[in-house]
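First up is the structure itself, then whatever we jot down about it.
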Protein chains: 2
Amino acid sequence: MATIYDVSVLAGVSLATVSRVMNNNTKVSDKTKQKVLDAMASLGYKPNTIAQSLASNCSNSVGVLVSQLDGPFYGPMMTQIETSLRVENKHVIIAAGHSDEVQEKEGVDFLISRGCDALILDVEAVSDEYLITLSNGDTPIVLINRYIEAIKERCVYLENEQGGYMATDYMLSLGHKNIAYISGPMYKLDARDRLRGHQRALAEHNVLFDPELWFEGNFREFGGIDAMQHLLTLNKPISAVVCASDQMASGAISVCLEHGIRVPEDISFIGYDNIPFPTYISPKLNTISNPIHEMGKMAALWVLKEVYKDKKVSVESCFSPQLFIRGSACPPK
Amino acid sequence: MATIYDVSVLAGVSLATVSRVMNNNTKVSDKTKQKVLDAMASLGYKPNTIAQSLASNCSNSVGVLVSQLDGPFYGPMMTQIETSLRVENKHVIIAAGHSDEVQEKEGVDFLISRGCDALILDVEAVSDEYLITLSNGDTPIVLINRYIEAIKERCVYLENEQGGYMATDYMLSLGHKNIAYISGPMYKLDARDRLRGHQRALAEHNVLFDPELWFEGNFREFGGIDAMQHLLTLNKPISAVVCASDQMASGAISVCLEHGIRVPEDISFIGYDNIPFPTYISPKLNTISNPIHEMGKMAALWVLKEVYKDKKVSVESCFSPQLFIRGSACPPK
DNA sequence: CTGTTAGCGCGTTCAT
DNA sequence: ATGAACGCGCTAACAG
């Protein structure tokens, strides 16, 4: 591999001059610049990014820690992050936290030790205090999907309570009264927020929240399956089910169909997240959008602006959910 | 940040000794080692990986280029790669190729310029020749999902032809004769291989391949939707549909259900890939497994063995598909 | 077993 | 505008 030294010899200039044309932050006369450029081209010179990092104390890498790399969310998010960052020649290093406090912290340490210039975190097991302390460290962080008052300028999040409200409000406006709710696990903030929204909608319509009609799921398909099986054993009238995730809604619907219960004729459904898959199956799932890809992009822009001092980007941190009406709900009989 | 120098001073030894205990490849007396360890601990010393990389000419990073970061495949694959590599303290840098030749090449260049020690590639737009040439370069590469004879020891792949055969053979064994086939795009090798397997199965059962019953899809849900809508306009008897991907199968099934066609009673279906989602909906999709996560893991192990000279791993490069029977097929009426 | 010394490839003062 | 020299933090001979 050709180095800056080879280029300097061929161009008949000093090392420093070559470095200058590379970073073109200092004035270099046009003709020496051209000589250097020619030399670089004829040698097929590529800068050694490792050496650049060491000398400049900037690795041009940003670490991304998500709870899981698979599933319907993180893919789109990673896509946006990678795309937004690569155009600025930054690279992304990934790590998975697996929703486990120890692993999430290990992931953070790992990424920091890797010399990342910034961290984009989608974590759920670590405490607010940990994150606040972390944000005072040397490596800047942005949080996706989490709102912490003390460091709100580093948070990119969705108004989950509002989304939960919208889902249930929609069912109520259709005329439903007997509404079951399948929530996410209560240790997750977004699950709690969505549930709160659900309860607020019920209250506003003077419908009592029946704890028996609430099942704590896990956001995954089989959580929805378990939930629906349980709800069916209750022998209570249920005309609509609001699910805190599309995955749970899909699982729950499959249980109904297998029991000969028609959707939406017998029971209406609405999910949350607006993941792609359920829009292609039958019935097409109504849902509340969770613009996870937008949030990924925004987090990347935050890094570009705050860490790499890119002037032209502007960031927006709070996202509003949106209702998508398709074919999985109708008025009660 | 404390450096190796600070540690050496505090421990009263030389720089080299500190370096030795870090890499513990040379013998160091137990008590000096302990002194160094204590000094490191009390300083909270963390090695600077950038400097290590520069000095050792090894970045401990491996680049992963996939066509897309989202969708049901690459998530599980990335998970395995990340997990396998992280335990060995290697980090993964990601890039997306978007199934486009230019972008795939740019991605490769990007990762190489980032000093990756090795590349794991899941590419489909670049030519075999390009990859063969690339494999002769300085950065070792492994290919996932692609078989190239000249560099087969660098390929981790699935026997797609066999899988295609199995899917159709299964339908034939159920008694189906009027079998439609929804393929992937013909410019992709795996799509062609799966189709070949389909044709071989038909031939073995003396069933003629009817080109009219073959629709070239795109592996995605809407490809299956388009395909099924087209097949239905044919007014030909069709009792079974073999799809080259679960996503297309799901799209196709949704079209049937909307037309009041029952699955599997009226038309049987089988997909390919064994992605999670369709196992949670109704009807549960029969399919051929595509162990993409296993392949990801194997690629990571290949890198560990061939690049980082890890002795204990053994790699296997050829994967066999497997038939999964669930609820989307039955004998014809 | 341990210390000395030279790089790794590049950025960045200082001079000039 | 350009060059010389030093330093980033660490590894790897080479001595001893």
Side-chain angles (χ1 to χ4, degrees), chain A residues 1-40 43-61 89 112-117 138-139 308-309, chain B residues 1-40 43-61 89 112-117 138-139 308-309:
Chain A
M1 235 10 195
T3 75
I4 201 178
Y5 174 77
D6 303 320
V7 176
S8 75
V9 174
L10 210 171
V13 297
S14 73
L15 291 172
T17 302
V18 178
S19 176
R20 286 188 184 106
V21 344
M22 287 185 53
N23 304 303
N24 79 103
N25 40 18
T26 318
K27 287 261 100 13
V28 177
S29 79
D30 282 348
K31 60 168 169 284
T32 44
K33 172 185 274 186
Q34 196 52 51
K35 280 192 300 185
V36 172
L37 259 18
D38 290 344
M40 295 208 285
L43 285 172
Y45 169 78
K46 308 263 187 192
N48 179 322
T49 59
I50 306 278
Q52 287 181 315
S53 298
L54 183 61
S56 66
N57 194 32
C58 168
S59 69
N60 287 309
S61 69
N89 244 288
I112 290 179
S113 79
R114 250 38 216 189
C116 293
D117 297 330
D138 294 328
T139 309
Y308 296 116
K309 306 304 176 193
Chain B
M1 236 7 193
T3 74
I4 201 177
Y5 175 78
D6 303 320
V7 176
S8 75
V9 173
L10 210 172
V13 298
S14 73
L15 289 174
T17 302
V18 177
S19 176
R20 285 187 185 104
V21 343
M22 288 186 53
N23 305 304
N24 81 104
N25 40 17
T26 319
K27 288 259 91 37
V28 177
S29 81
D30 282 347
K31 60 168 169 282
T32 43
K33 173 184 273 185
Q34 196 52 51
K35 281 194 299 187
V36 173
L37 258 18
D38 291 344
M40 295 207 289
L43 286 172
Y45 169 77
K46 307 263 189 193
N48 179 322
T49 58
I50 305 278
Q52 287 179 316
S53 298
L54 183 60
S56 65
N57 194 30
C58 167
S59 69
N60 287 310
S61 69
N89 244 288
I112 290 180
S113 79
R114 251 38 217 188
C116 293
D117 297 330
D138 294 328
T139 308
Y308 295 117
K309 306 305 178 192

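Chain letters run A, B, ... following the sequence lines, proteins first, then strands; residues in each count from 1.
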| said: Assess the residue pair B/I112 and A/K46 against the criterion (side chain to side chain contact (heavy atoms under 4.5 Å, CB included)); give the C-alpha distance rounded to whole Å, side-chain angles, the decisive distance to 0.1 Å, and a yes or no. | reply: CA-CA 10 Å; B/I112 290 180; A/K46 308 263 187 192; over 6 Å; no
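- Between B/T26 and C/dT2 there is no side-chain N or O to OP1 or OP2 distance below 4.0 Å.
- Within 4.0 Å of B/V18, counting heavy atoms only, lies no atom of the nucleic acid at all.
- In this structure, A/N57 does not reach the C/dG11 phosphate: none of its side-chain N or O atoms is under 4.0 Å from OP1 or OP2.
- At whole-Å resolution of the value, CD in A/Q34 and C1' in D/dA1 are 17 Å apart.
- In this structure, B/S14 reaches the C/dG3 phosphate: one of its side-chain N or O atoms is under 4.0 Å from OP1 or OP2.
- When heavy atoms are screened at a 4.0 angstrom cut-off, B/S53 is found touching no nucleic acid atom at all.
- Nearest nucleotide to the side chain of A/L54, out of D/dG9, C/dT12, C/dT2: D/dG9.
- Between the P atom of C/dC10 and the CD1 atom of A/I4 lies a distance of 5 Å, rounded to the nearest Å.
- Counting to the nearest Å, the P atom of C/dC10 and the CE atom of A/M22 are 7 Å from each other.
- Atom pair A/N25:CG and C/dC10:C1' shows a separation of 13 Å (rounding to whole Å applied).
- Between A/N48 and C/dC8 there is no side-chain polar atom (N or O) within less than 4.0 angstrom of OP1 or OP2.
- Dashed line: the shortest gap from a side-chain N or O of B/T17 to OP1 or OP2 of C/dT2 is not under 4.0 Å.
- For the 3.5 Å distance criterion, the side chains of B/Y45 and B/D6 fail to qualify, holding no donor opposite an acceptor.
- Between B/Y45 and D/dC10, a side-chain N or O to OP1/OP2 separation shorter than 4.0 Å is present.
- To the nearest angstrom, C1' of D/dA5 lies 15 Å from OH of A/Y5.
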Q: Verify side chain to side chain contact (heavy atoms under 4.5 Å, CB included) between A/S8 and A/S14, making sure each step is shown before the conclusion.
A: CA-CA 5 Å; A/S8 75; A/S14 73; 5.9 Å; no
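- If you find the closest nucleotide of DNA chain D to A/A51 and to B/R20, the one lying nearer the 5' end belongs to A/A51.
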Practice problem: Decide yes or no on side chain to side chain contact (heavy atoms under 4.5 Å, CB included) for B/V36 and B/R20, but give the supporting numbers first. | Solution: CA-CA 10 Å; B/V36 173; B/R20 285 187 185 104; over 6 Å; no
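- Set against C/dG3, C/dC14, D/dG9, the side chain of B/A16 has C/dG3 as its closest nucleotide.
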- [ ] Check the pair A/R114, B/N89 against side chain to side chain contact (heavy atoms under 4.5 Å, CB included), reporting the backbone distance first and the verdict last.
- [x] CA-CA 10 Å; A/R114 250 38 216 189; B/N89 244 288; 3.2 Å; yes
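- Between A/Q52 and C/dC10 there is no side-chain N or O to OP1 or OP2 distance below 4.0 Å.
- Considering only the side chain of A/S29, D/dA1 comes nearest among D/dA1, C/dT2, C/dC10.
- Counting only N and O atoms by type, the side chains of B/Q34 and B/D30 include no donor and acceptor under 3.5 Å apart.
- Regarding contacts with the backbone of C/dG11, every side-chain N or O of A/S56 stays at 4.0 angstrom or more from both OP1 and OP2.
- Regarding B/I50, its CD1 atom lies at a distance of 15 Å from the C1' atom of D/dT11, rounded to whole Å.
- Listed nucleotides D/dT11, D/dA12, D/dC8 differ in distance to A/A55; the shortest reach to its side chain belongs to D/dC8.
- The nearest whole Å value for the distance from the NZ atom in B/K27 to the P atom in D/dA12 is 16 Å.
- When the C1' atom of D/dG7 is taken as reference, atom CG of A/L15 falls 14 Å away, rounded to whole Å.
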